[in-house]
Amino acid sequence: MSVSVSVTPARDPAWRRALARWRRAIARWRHSALLLVAARLVPLVAALGLWVSALPQIDVARMTDMGLTSVLPLQVPLAVVLIVASGAWHLRQRKLSHPFLALHLAALILILYGTTTLVEQQPRFAATYIHVGISEYISRTGMVAPQLEARFDWPGFFILTSMLSQVIGLKSTMDFAGWAPVYLNLLYLAPLSLIFRSITPDPRMVWAGLWLFELTNWVGQDYFSPQGLNYFLFLSIIGLILTYFRTPKPASSRVRDWLARRRGSSVLVGAYSLITPEQLPPAELPSKRLAGLVVVLVVVFSYVSFSHQLTPFFTVAALLGLVALNRIRLRMMPILLGVIAVVWVSYMTVPFLSGHVAQLVSEFGQLTGSVGANVTGRLAGSPDHRFVVMLDMLFSASLWAMAAIGFLVRWRDGRRDVSMALLIASPVPLVAAQAYGGELVLRLYLFTLPFMAILAAGVVYGRPAQLPSRLRTCAVIAVCAAITMGFFSTRYGNERMDAMTTSEVEGIQQLYEIAPPGSLLMAPNGDLPWRSQAFELYDYTTPSDEILLGTPADLAALMKKASNPRAYLVLTASEEAEAELFSGVSSAQWDEFVDQMRKSPDFRLAFENADTKIFELQAAGAGAYAPAATEPASLASDRTAPAAAGAPA
Amino acid sequence: MTTTVTGLVSSSLTQHSYDFLSTHIGLAVIILLAFVMLLRELVPIVRNGDAPLQVRGLDVAVLPLLIVFAIVVLARLADLLV
């Protein structure tokens, strides 16, 4: 008894003292760790503060033909540079904090892609409203209508968004259309990191590649569109195949033996070894799961085939390139996916093909014509707009050059990124196959961007053994600052016409109030927020900006040719911007045309607000007003090829 | 002489319209082709690359089916062009 009494009081204070010491130490450590984290987050918080303080200063109504940069306060690019600098400095640390870098990347995406959503009154792009209208039609009728619009031939995206809006309980898909660039770019990060990790285990290069991708994704296809979603699926298919099905040793001994028996065998064998270097071993999965993954890939690709007209062919081209040099073990996959894509086009898009097959066949192989439509054809319109187009080209060429340098830097270091080079080169022949309304080079940039971004990141971060020096980090920050300015100029260079105002949206609402179903609705160009409702109830037509240079009498004659009981001409501010940017129709010419319309006896001003004017044709078509025709006959002739109307950029 | 052009084949080709042939027989060929190609990918994965004979057998089946597929698609395109 006496022993226990004497021992216990002696042990307790020592134990408690030790505990107290530990507690104090942990508190000190936590205190300093928290301080450290807080100190590291200062640049990020400051950048977000700068950006938020700049938002009220952005007056989109004052934009010139240079786009958003003409009204963008310096704080916004400064905020981006601050985030990039903070991230780049962190990449110099021996131990990386992934949550810290992820937070920076999320903030970067918010600033780069969310600024317009916050400062503009309505979702951007006329095409967004058409896509909302197609989803609305599917929600309302439960059907697709390929006879109304070519996009219905690839309805996957619209069916999905229509279902999603019904499940969530939204009135319209418009509710989540505005933020599409932000959440789509966040979504792209996961498959992108899979792709990047297939060529390097170094997290620095992966992070730098992700940052560079977001800073150079200027093409603007990440809006509420089939392309935006299908690009994610394209990245996922490529990322999963590269992760789980890459061949660690692509060189075939049979091919090498065969080459060794030819003339000049040493050169041939040497060249073969150069183009078939070893790569990292694939991630391991049990064989049954791998088999399941193959089935999933086929199912996902089938969805892509019925959602978008271009993505399936870019996917097949990319996989063909990888199979050609045995970089992946799924050798039959590109043929299987190609069959699925061709089957959809030849069996399920007959309404579209029957009107366009001759044009598609005639464009096939016309490389010069395609390049002309994609490059020189875009150099038109106002001087500022031409300057923006030149910047687009310069920006893209610079990234291609950076990617080439990164490839060579890593090559010198013994790292052969042949898969990335193949993924960049393999879709190029598609330019010869189709002009895609002068847009294929833009899509080519988009589909090769991830592989260019990771190679470009290799210029500085391509050597995993070395931490980037201070000098190199400063150079990275300087280059990223230039890229940031280029990004805002190129991505938002057409913002004057891409931005839609509340006045315009209200004006279009009024149009649907005024015009009885079955009416002809005409606009000089398609850059206005219409067709988001009552998709099938009207005849929509967009002849060209040339009508602005003619007389109202000519226009009246054109409108009377249609047999619609009523006809309306809609003029909006964004149409005016497009006419000026792309067709060189000056503001004075626009105003003169509007004046002529006001005075014309053939037209009556039916509605007017700050940004919209609606003129009604007097005594249109057959004369007496006929009640709604659910599917006006002339709609079939107004079907817009997706090539021409698919994308706004 | 042995021939694959039997009475059944010739009567089915002559008695049915082009549209029927391309949508029914054509689709059947395409489904078979897709199935064989998918199998061609799955067999080496499930057998851990230890099934060269089965893979070769499937490769042999793919080629004629691909030729039929190409003919079906070209015929459909030609029909649209005409």
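Lettering follows sequence order; numbering is per chain, from 1. Just so it is clear, the model here is predicted, and its values are computed rather than measured.
Between B:Leu38 atom CG and A:Ile340 atom CD1 the span is 8.5 Å, to the nearest 0.5 Å. Rounded to the nearest 0.5 Å, atoms CG (A:Leu330) and CE (B:Met37) are 13.0 Å apart. One distance of note links CD1 of A:Ile335 with CD of B:Glu41; it measures 9.0 Å at 0.5 Å rounding. For the atom pair A:Leu336 CG and B:Arg40 CZ, the distance stands at 11.5 Å (nearest 0.5 Å).
Taking chain B as the reference chain and counting heavy-atom pairs below 4.5 Å, the highest number among A:Lys288, A:Met333, A:Met332 is found for A:Met332. Ranked by heavy-atom pairs under 4.5 Å with chain B, the first of A:Val295, A:Val342, A:Val298 is A:Val342.
When heavy atoms are compared at a cutoff of 4.5 Å, B:Val62 approaches chain A solely by way of its side chain, counted from C-beta outward. For B:Leu42, the part lying under 4.5 angstrom from a heavy atom of chain A is the side chain only. Proximity to chain A is limited to the side chain of B:Leu66, based on heavy atoms less than 4.5 angstrom apart. Both the backbone and the side chain of A:Val339 come within contact range of chain B, judged by heavy atoms closer than 4.5 Å.
Taking all atoms of both residues into account, the shortest heavy-atom contact from A:Ser287 to B:Ile45 is CB-O, 3.3 Å.
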